[in-house]
K.L.:
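Here you go, one structure.
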Number of protein chains: 2
Amino acid sequence: MNAPNTRLNMADVAALAGVSKATVSRVLSGAPGVSEETRRRIKALVKDLSYVVSPDASRLSRGSTGRIAVVMPHTTSWFYGAVLAGVLSVLRAEGLDALVYQVADGTESRTFFADLPVQRRVDAVIVVAFPVTEHERRQLDLLGMPVVVAGGALEHHAHVRIDDTTAARQAVTHLIRSGHERIAMINAAVTREWPYAPPADRLDGYRTALEDAGLTVDPRLVVDLPWSGTMGADGMDRLLSLDRPPTAVFGFCDEVALGALRSLRRAGVSVPRTVSVIGIDDHPLAELCDLTTVRQPAEQQGARSAHLALDLLGGAPTGELHVTLPTHLVIRATTGPPEDS
Amino acid sequence: MNAPNTRLNMADVAALAGVSKATVSRVLSGAPGVSEETRRRIKALVKDLSYVVSPDASRLSRGSTGRIAVVMPHTTSWFYGAVLAGVLSVLRAEGLDALVYQVADGTESRTFFADLPVQRRVDAVIVVAFPVTEHERRQLDLLGMPVVVAGGALEHHAHVRIDDTTAARQAVTHLIRSGHERIAMINAAVTREWPYAPPADRLDGYRTALEDAGLTVDPRLVVDLPWSGTMGADGMDRLLSLDRPPTAVFGFCDEVALGALRSLRRAGVSVPRTVSVIGIDDHPLAELCDLTTVRQPAEQQGARSAHLALDLLGGAPTGELHVTLPTHLVIRATTGPPEDS
DNA sequence: CCGGAAGATGTAACCGGTTGCGTGCTGGGA
DNA sequence: TCCCAGCACGCAACCGGTTACATCTTCCGG
């Protein structure tokens, strides 16, 4: 294989093959109207020269960019990485490229939705677990291209997600079945700047699970904290300082649950003997920490979103545009019956 | 602000403004030769119409794509996500887009380096902590565009990384200073298919730290395992089955160390009383697990790589092309003096 | 032996910008 | 008053493909 020669363009290849650009183009795009022999000859030459078409030029005449934007608030945490992995694997199979936009804080978000830099650069947008304000949603509507939401939902748009309420119910129900009655929740606080839906849904699941079991919801056992790496630990500290601490704690996600575990360990509280802990996600490190949790399929959410985007691009929305993927309880070593039972 | 109108092109804007495309182009690209008044007028019109130039068309005439490829073996683990975050933040500031390629297993790797799909799609490539075979390296050389390696090194190319040997020495020296003499290492096994450099370097640091302290290197205390989520746990199990288990364990990275912690916890071994554990990375969850570790600046490595790529694109390699970032010992609760001291 | 359909290939316009060069206008110095 | 520098702007070619349409063969039935 020779050196990939970027200086080479289709006209050169055509000249070398003794045909016109049109014929080369037809061969390369698999269009009909070229004799089998010519086709073979050109293909061989192209391979020999390591010629590749310019996607930009191609885009210009064809109209589609062959790219899809993936927008996420950050790339560091497991969930986003996993969703991205799912998206990428599907797109790669289709020969599409992914343009990743990290839109972290409020300022970035504002400029992103004001400038909409994805305009004209991509054919579709996949928004990953993004707290979108009403105004931002309207901006997305104006984009004039398919928008798919992964790990969340957005009016007017296709989405792939889990049922947060159900996931929370699965977690809390497991605690109830184990015999717990004083069950706390450490939740992520939602603000107008951060209108993230899962906290409310999971809180709802927590509440209804308790109510369905005939247990009362004690507001002192629900701790709301702004999102941070140590909010689980902070929340647990607060719960431990109560007169009657809970016997079980449901964390908004695994990272929160792991934070709670740290506080319990430092306080010398035995887990799960004195306090049980459960989270949501099934973060890879949850396994290493023996954390009981409710697994959500992150990579699958990414993959399905990508498929949805492709469907939408194909113009034929064959399947359902609103996909909810199932979650599963994964019992490990941080939950058990309460001490007094 | 009106709806971003994708149907609008520069000719339309020019017609509306009563000028030629050339003038609009000059205004939009900040080129000289346009009166201040015309400039203002066109800018206002452009804003009013929410017109954005087509980056592809622009690329075609200008020659550069305004995009950079980021190639990584996977996106899920913290390190890659953090590097990506660093890259993205720098690129965004420069108005460049990032095309992310996930090249996971051997097959993907082979096709990636054979087809070099990044050709003509980007101006530069950032390769993140990627085990690159000799043949693949040569393919990269042929690419004819700047290549920067983040979290590793590659002949002929710029790179940003940490000194793995030093990092390992920092970890092991900390254990030695705490009084340990039987120090084990759980390392990632390198194969021809996976020619990843850090394992060898970190092993080297482990060895030299021991030798410098006058300690002998016991080969039974070095466990090599193929990379997996539970290799830390598996390695620790093996170490625990020795006649004389070590009093301290150095994990190839934090995930390995956390795996070791799980085995110790399950075996009922007290940490750090009976066995101390240390890793490398300072994974965000290391803090939640109170894991002592050597911190490496992942996001910075990404950011510096991006800057390097930009420098290289600018044609003026101002600074050093080989950057080594410092690592720091972070002492938490999984290390302490050995029991018998 | 002839007309015409089907298939292979070339021609040229077009996608949406960028830019070298040319033109027309203005103002200042001789 | 005349000449020319200098500025503002338009013209048109070009970037590298795609594709509608035209042209030329070739092979068939009549």
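Quick note: numbers below take in every heavy atom, side chains included, and nothing from hydrogens, waters or symmetry partners. Since we're looking at a predicted model, the values are computed, not measured. To find a chain, count down the sequence lines: A is the first, B the second, and so on, and within it residues start at 1.
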K.L.:
Nearest to the A:V19 side chain among C:dT18, C:dG10, D:dT18, which nucleotide is it?
P.N.:
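Output: C:dG10.
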K.L.:
Output the rounded distance in Å from CZ (A:R39) to P (C:dA8).
P.N.:
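Rounded to whole Å, this separation is 9 Å.
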K.L.:
How would you label the contact of B:S54 with the nucleic acid (heavy atoms, under 4.0 Å): base, sugar-phosphate, or nothing?
P.N.:
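Here B:S54 touches the backbone only, sparing every base.
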K.L.:
May I have the distance from B:L60 (atom CG) to C:dT18 (atom C1'), rounded to whole angstrom?
P.N.:
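Whole-Å distance recorded here is 10 Å.
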K.L.:
Within a radius of less than 6.0 Å around CD of B:E320, do more than 12 heavy atoms belonging to other residues, nucleotides or ligands occur?
P.N.:
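For B:E320, atom CD is crowded (more than 12 foreign heavy atoms under 6.0 Å).
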K.L.:
Output the distance between atom CZ (A:R137) and atom CG (A:L142), rounded to the nearest 0.5 Å.
P.N.:
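With rounding to 0.5 Å, CZ (A:R137) is 10.0 Å from CG (A:L142).
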K.L.:
B:K21 NZ to D:dA8 P: how many Å, rounded?
P.N.:
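Answer to the nearest Å: 22 Å.
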K.L.:
Can you tell me how far C1' of D:dG17 sits from CD of B:Q119, to the nearest Å?
P.N.:
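Going from B:Q119 (CD) to D:dG17 (C1'), I get 16 Å.
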K.L.:
Identify the residue among A:D97, A:L99, A:T75, A:V100 that makes a side chain to side chain contact (heavy atoms under 4.5 Å, CB included) with B:V100.
P.N.:
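Only match with B:V100 under side chain to side chain contact (heavy atoms under 4.5 Å, CB included): A:V100.
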K.L.:
Check every atom of D:dG17, C:dG17, C:dT9 against the side chain of A:Y51 and return the nucleotide holding the closest atom.
P.N.:
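Nearest listed nucleotide: D:dG17.
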K.L.:
Would you say B:T38 reaches D:dC9's phosphate, i.e. side-chain N/O to OP1/OP2 under 4.0 Å?
P.N.:
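The answer is yes; a side-chain N or O of B:T38 sits under 4.0 Å from OP1 or OP2.
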K.L.:
At under 4.0 Å, does any side-chain N or O of B:S58 touch on OP1 or OP2 of C:dT18?
P.N.:
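Yes.
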K.L.:
Whole angstroms only, please: what is the CG-C1' distance between B:D56 and C:dC14?
P.N.:
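Going from B:D56 (CG) to C:dC14 (C1'), I get 16 Å.
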K.L.:
Can you identify which nucleotide, out of C:dA8, D:dG17, C:dG10, has its nearest atom closest to the A:V53 side chain?
P.N.:
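Among C:dA8, D:dG17, C:dG10, the one nearest the side chain of A:V53 is D:dG17.
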K.L.:
In terms of the nearest nucleotide of DNA chain D, which residue is placed more toward the 5' end: A:L28 or B:T23?
P.N.:
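Result: B:T23.
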K.L.:
Could you check how far CD of B:E37 sits from P of D:dC9, rounded to whole Å?
P.N.:
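B:E37 atom CD is separated from D:dC9 atom P by 8 Å.
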K.L.:
Expressed in angstrom and rounded to an integer, what is the separation of A:L8 atom CG from D:dC15 atom C1'?
P.N.:
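My rounded result for the distance is 15 Å.
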K.L.:
Counting distance alone, no hydrogens or angles: does the base of C:dG16 have a donor or acceptor under 3.5 Å from a partner atom on the side chain of A:R120?
P.N.:
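A donor-acceptor contact between them is absent.
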K.L.:
When the distance from CD of A:E36 to C1' of C:dT9 is rounded to whole Å, what number comes out?
P.N.:
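Those two atoms, CD and C1', are 15 Å apart.
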K.L.:
Does any N or O in the side chain of B:R120 come within less than 3.5 Å of the main-chain N or O of A:V52, such that one atom is a donor and the other an acceptor?
P.N.:
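It does hold such a pair.
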K.L.:
Among the nucleotides C:dG16, C:dT9, D:dT18, which one has an atom lying closest to any side-chain atom of A:S25?
P.N.:
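Minimum distance to the A:S25 side chain belongs to D:dT18.
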K.L.:
Closest nucleotide of DNA chain D for B:R62 versus for B:R26: which of these residues is on the 5' side?
P.N.:
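The answer here is B:R26.
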K.L.:
Hey, can you pull the donor-acceptor pairs under 3.5 Å for the side chains in residues 19-33 of chain A, sequence neighbours left out?
P.N.:
unit_1	atom_1	unit_2	atom_2	d
A:S20	OG	A:A22	N	3.4
A:S29	OG	A:S25	O	3.0

K.L.:
Under 4.0 Å: is that the gap between some side-chain N or O of B:S61 and OP1 or OP2 of C:dG16?
P.N.:
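So the side chain of B:S61 is outside the cut-off, no N or O lying under 4.0 Å from OP1 or OP2 of C:dG16.
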